[in-house]
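Below is one structure; the comments refer to it alone.
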Amino acid sequence: MESKPWLDSGKPFDWGRTSSDYADYRPWYPESFWTLLRAVGIGGPKQAILDLATDPGVLALPLAETGSVLTGIDIAQGQITTARALAEKRGIDATFLVGDAHETCLDAAQFDVITASMCMHYFDPERIIPEIHRLLVRGGRLVVASLLYLPRESDIASASERLVLKHNPTWGSAGFGGEVSIVPKWADGRFRLLTFHRYVEQIRVTVESWCGRFRACRGVAASMSDTQVAQFDAEHQAMLRRSSAE
């Protein structure tokens with residue numbers, strides 16, 4: 001279990017408890033995202049890439065399929081176990097390690113690219129940034145990416161978040177409005193911005209996939225007991241079916 005003083009009032013969470021739902025139901029990046037990465041030279045044969053907080057490989061596995069020499073690291077054993085299983089199932093050659101991204105114990109100056117998908121807010125900037133600089137080759141690049149729903153633009157998403165807060169009032173990720181800083185505070189003066197992209201993509205969901213998506217969030221399966229998760233999921237399914245019938 002991890003806890004971050006700046007998240008959820010310090011309530012512990014374990015992403016490994018969500019790994020199956022994470023892999024099955026959290027949307028993977030759409031083709032438009034990979035088109036953008038290719039356009040800026042990310043991915044491709046023999047490019048050495050390190051994916052921080054790699055989860056079940058949502059960013060790492062497609063990059064490895066481009067021929068990149070891919071290493072993923074995550075502090076949650078369950079995430080790494082799932083990533084390895086998916087890599088084997090898909091015939092992908094990639095290395096997945098259990099470890100702390102702040103102290104990877106990997107050799108210095110060996111990665112052309114470091115990627116961080118939906119995870120920079122989990123890191124201590126004063127520790128992670130020196131480690132990123134240590135691991136990158138001269139002229140190496142950091143890619144920071146997120147794929148997020150917009151609750152202010154969806155009554156269903158907003159209702160789902162309210163249900164999470166009913167069961168877990170400390171959850172602090174509700175109400176995201178899509179605001180993204182072009183140069184976040186942690187990066188100012190420490191990295192040189194090469195490119196920035198923000199856009200909306202329509203992603204189709206079902207009652208099943210939306211329920212799975214919410215089970216796989218930090219405020220539900222990662223931090224609730226199994227009994228609490230089951231109760232939340234039952235209420236969530238009932239709410240969604242009522243909404244779809246209206």
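The structure displayed is predicted, hence computed values, not measured ones.
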Quiz item: Atom CD1 in Ile73, atom OG1 in Thr95: separation rounded to 0.5 Å?
Solution: 11.5 Å
Self-check item: Side chain proximity check, Val220 to Asp21, heavy atoms < 4.5 angstrom
Solution: no
Quiz prompt | Residue pair Phe111, Val137: steps toward the side-chain contact (heavy atoms from CB on, under 4.5 Å) verdict | solution = CA-CA 6 Å; Phe111 295 103; Val137 301; 5.9 Å; no
Quiz item: Which is it for Gln79 and Phe96 under the side-chain contact (heavy atoms from CB on, under 4.5 Å) test, yes or no, and what are the steps along the way?
Solution: CA-CA 9 Å; Gln79 298 282 60; Phe96 290 101; over 6 Å; no
Quiz item: Taking Glu103 for the side chain and Asp100 for the main chain, is one N or O donor matched with an acceptor at less than 3.5 Å?
Solution: no
Exercise. Could you state whether Val205 and Val58 fall into the same hydrophobic cluster, counting links through intermediate Ile, Leu, Val, Met, Phe, Trp or Tyr residues with side-chain heavy atoms under 4.5 angstrom apart?
Key: no
Self-check item: Single-linkage hydrophobic cluster Val180~Leu150, side-chain heavy atoms < 4.5 angstrom
Solution: yes
Self-check item: Test applied, side chain to side chain donor-acceptor pair (under 3.5 Å); reference residue, Asp233; option that passes from Gln231, His236, Gln237
Solution: Gln237
Quiz item: Just by distance, do the side chain of Asp55 and the backbone of Gly57 share a donor-acceptor pair under 3.5 Å?
Solution: yes
Quiz prompt | Cationic N near anionic O, under 4.0 Å, Glu126 to Arg190 | solution = yes
Self-check item: Test side-chain contact (heavy atoms from CB on, under 4.5 Å) applied to Val40 and Val143, step by step
Solution: CA-CA 11 Å; Val40 296; Val143 176; over 6 Å; no
Practice problem: Find the distance between CZ (Phe232) and CE (Met224) and round it off to the nearest 0.5 Å. | Solution: 6.0 Å
Quiz item: Are side-chain N/O atoms of Thr82 and Tyr22 paired as donor and acceptor at under 3.5 Å?
Solution: no
Practice problem: Drop me the distance from Thr66's OG1 to Arg38's CZ, to the nearest 0.5 angstrom. | Solution: 9.0 Å
Quiz item: What closest approach, in Å, do Thr104 and Ala101 show between heavy atoms, and which atom pair accounts for it?
Solution: CG2-O, 3.4 Å
Quiz item: Does the pair Arg152/Glu179 count as a salt bridge with the N-to-O cut at 4.0 Å?
Solution: yes
Quiz prompt | Side-chain ion pair, Asp226 and Arg17, N-O less than 4.0 Å | solution = yes
Exercise. Verify the cluster assignment for Leu52 and Val69: are they in a single hydrophobic cluster under the rule of side-chain heavy atoms below 4.5 Å apart?
Key: no
Quiz item: Between His133 and Phe191, is the ring centre distance below 6.0 Å?
Solution: yes
Quiz item: Closest heavy-atom contact between Ser160 and Phe214?
Solution: CB-CZ, 3.5 Å
Quiz item: Minimum heavy-atom separation for Cys105 to Arg134, with atom names?
Solution: N-NH2, 4.3 Å
Quiz item: Do Leu135 and Val144 share a hydrophobic cluster (ILVMFWY, side-chain heavy atoms under 4.5 Å, transitive)?
Solution: yes
Quiz item: For the atom pair CG (Leu59) and CD1 (Ile42), what is the distance rounded to the nearest 0.5 Å?
Solution: 10.0 Å
Quiz item: Say you draw a straight line from CG of Leu147 to OG of Ser117; how long is it, rounded to the nearest 0.5 Å?
Solution: 7.5 Å
Practice problem: Give the intermediate values and the outcome of side-chain contact (heavy atoms from CB on, under 4.5 Å) for residues Ile156 and Tyr149. | Solution: CA-CA 11 Å; Ile156 291 293; Tyr149 62 85; over 6 Å; no
Self-check item: Heavy-atom donor-acceptor pair, Gln47 side chain to Asp112 backbone, under 3.5 Å
Solution: no
